[in-house]
Amino acid sequence: IDCNRFIKFSEMLQRAEQLNIPRIATGHYASISKQGDRYILSRPKDKSKDQTYVLYSLTQYQLERTLMPLGELTKDEVRELANEYGFRNANKPDSQDICFVPDGDYAGFISRYTGKALKNGDFVDLDGKVIGSHGGMIKYTIGQRKGLGMGFGKPVYVVSKDPLKNTVVLGDEKDLYTKRVIVRDINFITMDNLVSPINCMGKLRYRQREETCKITPLDETTILAEFEKPQRAVTSGQAAVFYDGDTVIGGGTID
């Protein structure tokens, strides 16, 4: 998401403007159209490859200057065209990871990149009682059960993390669920601002299915999302994206 926000649709677009190139084109599976005086971002023809979740931050200015030609094609159709035109990567397997962390070892990458060793800390329960020790807070994700490095006599899950105390909070699976989510740094595509509550669909992870919710403005950049069903492992820092059918309403960062 940040690569799209700061590199592809910021630096790349700025470079295009310096070269007097009016538009950029990307291979995202999404569609851009104009409805009235607004540009709209919608799901692609190939719903299994939908990438609109990672594009919620696009502004009207960026949408106006971007082409997404794969939005009306399926992945199989794209491969057929690539073969037809002799592209050597026509049958390359789909990318499943961050391009600069090919081995999937995110914690190791951060340690190498920053030059800082991972700092040990405490596992604590919901009451703050120390129940074990961990080998570095960044190794763990909300909802994680396996790979904690020690046994606790029963299944436990990462419920939250406290970076100031360097603690990882563990609890039961039921402790992972919530209906209310604060979302900050909101970017709306279908409107300038949300002025009153609306019902829509929302998703809190890239591979998650959308769920019915109501979003209510708290201020100009923050909303409250209230889901009809409890959502599992809501994670601070990840994206929350909201839809009206196939149209992206907007999105932001989970607080």
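As the structure is a prediction and not an experimental result, all values here were calculated from the model.
For the pair L176 and V159, the minimum side-chain heavy-atom distance is below 4.5 Å.
Remark: D172 pairs with K154 by the side-chain hydrogen bond (donor to acceptor under 3.5 Å, both in side chains) rule, at least two apart or across chains. Residues passing the side chain to side chain contact (heavy atoms under 4.5 Å, CB included) test with T247, sequence neighbours excluded: I40, S42, T190. The side-chain hydrogen bond (donor to acceptor under 3.5 Å, both in side chains) search around N193 returns none, not counting sequence neighbours. Looking at residues two or more places apart in sequence or on another chain, you find a side-chain hydrogen bond (donor to acceptor under 3.5 Å, both in side chains) between N4 and H28.
By the 30° and 60° cut-offs, the orientation of the rings of F87 relative to Y85 is tilted.
The backbone N or O of A233 lies less than 3.5 Å from a partner atom in the side chain of T235, making a donor-acceptor pair. The main-chain N or O of P44 is found under 3.5 Å from a side-chain atom of K47 such that the two form a donor-acceptor pair. In this structure, Q51 contributes its side chain and A30 its backbone to no donor-acceptor pair below 3.5 Å. Judged by distance alone, with hydrogens and angles left aside, the side-chain atoms of Q35 form no donor-acceptor pair with the main-chain N or O of D37 at under 3.5 Å. Under the 3.5 Å distance criterion, the side-chain polar atoms of E228 are left unmatched by any main-chain donor or acceptor of T212. Put simply, the side chain of E226 never gets that close to the backbone of K214: no donor and acceptor are under 3.5 Å apart. T253 places no side-chain N or O within 3.5 Å of a backbone atom of A239 that could act as its donor or acceptor partner. Proximity of a side-chain donor or acceptor of D162 to a complementary backbone N or O of K165 within less than 3.5 Å is detected.
Closest approach of F109 to V101, counting heavy atoms only: CG-CG2, 3.9 Å. Among all heavy-atom pairs drawn from F152 and L148, the shortest one is CE1-CD1, 4.1 Å. Between A90 and N83, the closest heavy-atom pair is CB-OD1, 3.5 Å.
Salt bridge annotation for K203-E210: present, with a cationic side-chain nitrogen under 4.0 angstrom from a carboxylate oxygen.
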Return a table of donor-acceptor pairs under 3.5 angstrom between the side chains of residues 127-142 and protein atoms on other chains or two or more places apart.
| unit_1 | atom_1 | unit_2 | atom_2 | d |
| --- | --- | --- | --- | --- |
| H134 | ND1 | G136 | N | 3.0 |
| H134 | NE2 | N166 | O | 2.9 |
| Y140 | OH | G135 | N | 3.4 |

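Among residues at least two apart or in separate chains, salt bridge (Lys or Arg N to Asp or Glu O under 4.0 Å) pairs with a member in residues 57-82 are K45-E77, K75-D94, R79-D94.
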